[in-house]
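In each ligand, atom 1 is the first atom listed, and ligand 1 is the first ligand listed. Keep in mind the model is a prediction, meaning the values are calculated, not measured. Sequential numbering from 1 along the given sequence is applied to the chain's residues.
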Amino acid sequence: MLKILVLGGGYAGLSFIKNLDSNIAKSANITLISNTNFHYKSILLHEVVSHRDDITIPYSNILPNFINFINDEIIEIKEDIVIAKNNQYDYDILVVALGFNSDDFGIKGVKEYAYSMVDYNNCLVLNDMIEKQTNGDIVVCGAGFSGIELIGNLAYKFKNSNNIKLKCIEAMPMILPMFDSDNALYAKKYLEKLGVEFYLEHKILEIKRDSIIVENNGNQGEIKSNLTLWTAGVKGNAIIESSKIFDSKRSKVEVNGYLNPINCNNNNIFIIGDCALVKDNKNGRYHAPTAQIALKEGEYLARIINAKIKNQPLNKQFVYSNQGTICSLGKDCAIGVVGNKVVKGKLASILKKLIELKWDFKLKGLKALL
Ligand SMILES: Cc1cc2nc3c(=O)[nH]c(=O)nc-3n(C[C@H](O)[C@H](O)[C@H](O)COP(=O)(O)OP(=O)(O)OC[C@H]3O[C@@H](n4cnc5c(N)ncnc54)[C@H](O)[C@@H]3O)c2cc1C
């Protein structure tokens, strides 16, 4: 029996499993290994930090019985074998879908004094810290997508508090560079009304225990902080970097049009989700890591494996086009682009919730489908 090993049960890994042909899935030996017993929706990690939302679904509720599930921590990926904390696992086909880690870009003090959203359990710890914070300054470093979603939720949480001050530091002249300036300005003004103080064009030089050293217009300054949250960068899973078989950049591996790592010479290894660097054929740049592309990669890879097992050729390579993006600004407001339409305010927030629900429905249908 063909052994298919899937590492990581996030958006990419589960999308792969969900889209496998049911007959093939039954005739192969498919094992999912994850370091948690539940799937957590990474796109909602900021809601765990701010409001301790339960964003988990036990794998036992979504995986069919003939998918083996193993709870283990992957340590290293080698040619033909995967080393984990409790065991070693061999494979015929390996699907690497281990998600992201935070990237400190080598900035002094980030590891010691700043806290990142990495997974569900670490976000529960961050929520404990937020709940203990009855006064002082909470600083979010980075005004990209996840930083703004986080500060939006915190602004909503603390909107009636006179004791907590929310600050957001960003090196660029504007927040949310993936959106047009009108949309980004709308978000900035909305958050400022809720009390967020933005420090734009402030480059972070160092994080200290209770302050952040910044540079603005060539001048050095210090911003007070009682709790520093780091959302300024993500990379792929550190396991990728420590696995010598891969030629990685920031713990990510460039993949070809069939999602095999380039420079690896093993067509039975596939990398999907945030650990994969996928080039956009149109402009030669890498696609940004999102749940949306992770889902599409999982879907495409399932088609490759279906064809491989049926001994059918699959010549069509993976091509991705973004369907739109919506960034939440707290409970009832969001901004975004859907297709090529700009959406703002409550409508955007409702659309965002519908997108989230769509994934829930897909997951719940997983058992029935396979
Ligand atoms: C706050 C926030 C908001 C976001 N909002 C959006 C959004 O609105 N839209 C969007 O498209 N994207 C969004 N993203 C990005 C999105 O979450 C990621 O791109 C997506 O989760 C990538 O999917 P993945 O399957 O690669 O990783 P994940 O979904 O993170 O899954 C990784 C899996 O690997 C497992 N794992 C990790 N390490 C190990 C190990 N050593 N051993 C075993 N198992 C392991 C984890 O438990 C998990 O099951 C957001 C991200 C953040 C942080």
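Below 4.0 Å from some heavy atom of D72 lie the following atoms of ligand 1, by number and element: 42 (N), 43 (C). Counting atoms of ligand 1 from 1 in the listed order, those under 4.0 Å from a heavy atom of G273 are 26 (O). Residue contact check: G9 has heavy atoms under 4.0 Å from atoms 33 (C), 49 (O) of ligand 1. Taking every non-hydrogen atom of M117 and a distance limit under 4.0 Å, the qualifying atoms of ligand 1 come out as 1 (C). Listed by number with element, the atoms of ligand 1 under 4.0 angstrom from any heavy atom of E73 are 40 (C), 41 (N), 42 (N). Near A97, meaning under 4.0 Å from one of its heavy atoms, ligand 1 places the atoms 32 (C), 33 (C), 34 (O). The distance from ligand 1 to the heavy atoms of P289 drops below 4.0 Å at these ligand atoms: 19 (O). Ligand-side atoms of ligand 1 in range of S146: 1 (C), 2 (C), 52 (C), range being under 4.0 angstrom from any heavy atom.
For the residues G324, S328, S42, G144, the heavy atom positioned nearest atom 30 (O) of ligand 1 is part of S42. Among C275, G298, A294, the residue whose heavy atom lies closest to atom 23 (O) of ligand 1 is A294. For atom 29 (O) of ligand 1, the candidate residues are Y40, Y11, F145, F38; the nearest heavy-atom contact is made by Y11. For atom 15 (C) of ligand 1, the candidate residues are S116, G10, A291, G336; the nearest heavy-atom contact is made by A291. For the residues L32, I43, L7, I239, the heavy atom positioned nearest atom 9 (N) of ligand 1 is part of I43.
Contact annotation: for S34 versus ligand 1, heavy atoms closer than 4.0 Å belong to both the backbone and the side chain. Counting heavy atoms closer than 4.0 Å to ligand 1, residue T231 contributes nothing at all. When heavy-atom distances to ligand 1 are checked against a 4.0 Å cut-off, K352 comes that close only through its side chain, counted from C-beta outward.
Side-chain contact, D54 with T56: a donor N or O sits under 3.5 Å from an acceptor N or O. With 3.5 Å as the limit, one finds a donor-acceptor pair spanning the side chains of Y320 and Q292. At a cut-off of 3.5 Å, with distance as the only test, no side-chain donor of S251 or S248 sits close to an acceptor on the other residue.
Backbone and side-chain nitrogen or oxygen atoms of G8 are examined, and none is located within less than 3.5 angstrom of a nitrogen or oxygen of ligand 1. Close N/O approach between I33 and ligand 1 is not found [any backbone or side-chain N/O within under 3.5 Å]. Between I272 and ligand 1, not a single N/O pair is under 3.5 Å apart. Polar contact with ligand 1: present for N35 (N/O pair, distance under 3.5 Å). The N/O atoms of Q292, backbone and side chain alike, include one that comes under 3.5 Å of an N/O atom in ligand 1. In terms of N/O distances under 3.5 Å, ligand 1 is approached by A12.
The main-chain N or O of A84 is never found under 3.5 Å from a side-chain atom of D72 such that the two would form a donor-acceptor pair. Side chain of D280 to backbone of K282: a donor-acceptor contact under 3.5 angstrom is found. Not a single donor-acceptor pair under 3.5 Å links the side chain of N68 to the backbone N or O of L32. Between the side chain of N127 and the main chain of V49, a donor-acceptor pair closer than 3.5 Å is present. Using a distance-only test at 3.5 Å, with no hydrogens or angles considered, a donor-acceptor pair links the side chain of S243 to the main chain of I77.
Seen from the ring of Y156, K159 counts as a face-on cation partner, given the 6.0 Å and 45° thresholds.
By the criterion of side-chain heavy atoms lying less than 4.5 angstrom apart, applied directly or through intervening Ile, Leu, Val, Met, Phe, Trp or Tyr residues, I81 is not grouped with I240; the two fall into different hydrophobic clusters.
Taking the ring centroids of Y120 and F38, they lie under the 6.0 Å cut-off.
Of the protein's heavy atoms, F100 CZ, 3.9 Å lies nearest to atom 53 (C) of ligand 1. Shortest contact from atom 38 (N) of ligand 1 to any protein heavy atom: N237 ND2, 3.0 Å. Annotation: atom 27 (O) of ligand 1 to nearest protein heavy atom, G99 CA, 3.2 Å. Looking only at heavy atoms of the protein, atom 42 (N) of ligand 1 is closest to I74 N, 2.9 Å. Looking only at protein heavy atoms, the nearest one to atom 19 (O) of ligand 1 is D274 OD1, 2.9 Å.
Between Y59 and F69, the ring planes are tilted. Angles from 30° to 60° get that label. Aromatic ring orientation, Y190 versus Y186: parallel (interplanar angle below 30°, classes split at 30° and 60°).
Contact between L98 and ligand 1 is present, with at least one heavy atom of the residue lying under 4.0 Å from the ligand. For Y59, the closest heavy-atom approach to ligand 1 falls below 4.0 Å. The shell of residues lying under 4.0 angstrom from ligand 1, judged by heavy atoms, excludes I293.
More than 12 heavy atoms of other residues, nucleotides or ligands shown are found within 6.0 angstrom of CG on N163. More than 12 heavy atoms of other residues, nucleotides or ligands lie within 6.0 Å of NZ in K310, so this atom counts as buried by the packing criterion.
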Would you check, one step at a time, whether the test side chain to side chain contact (heavy atoms under 4.5 Å, CB included) holds for I213 with Q220? CA-CA 7 Å; I213 308 297; Q220 205 160 302; 3.6 Å; yes
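The distance from atom CD1 of I4 to atom NZ of K308, rounded to the nearest 0.5 Å, is 10.0 Å.
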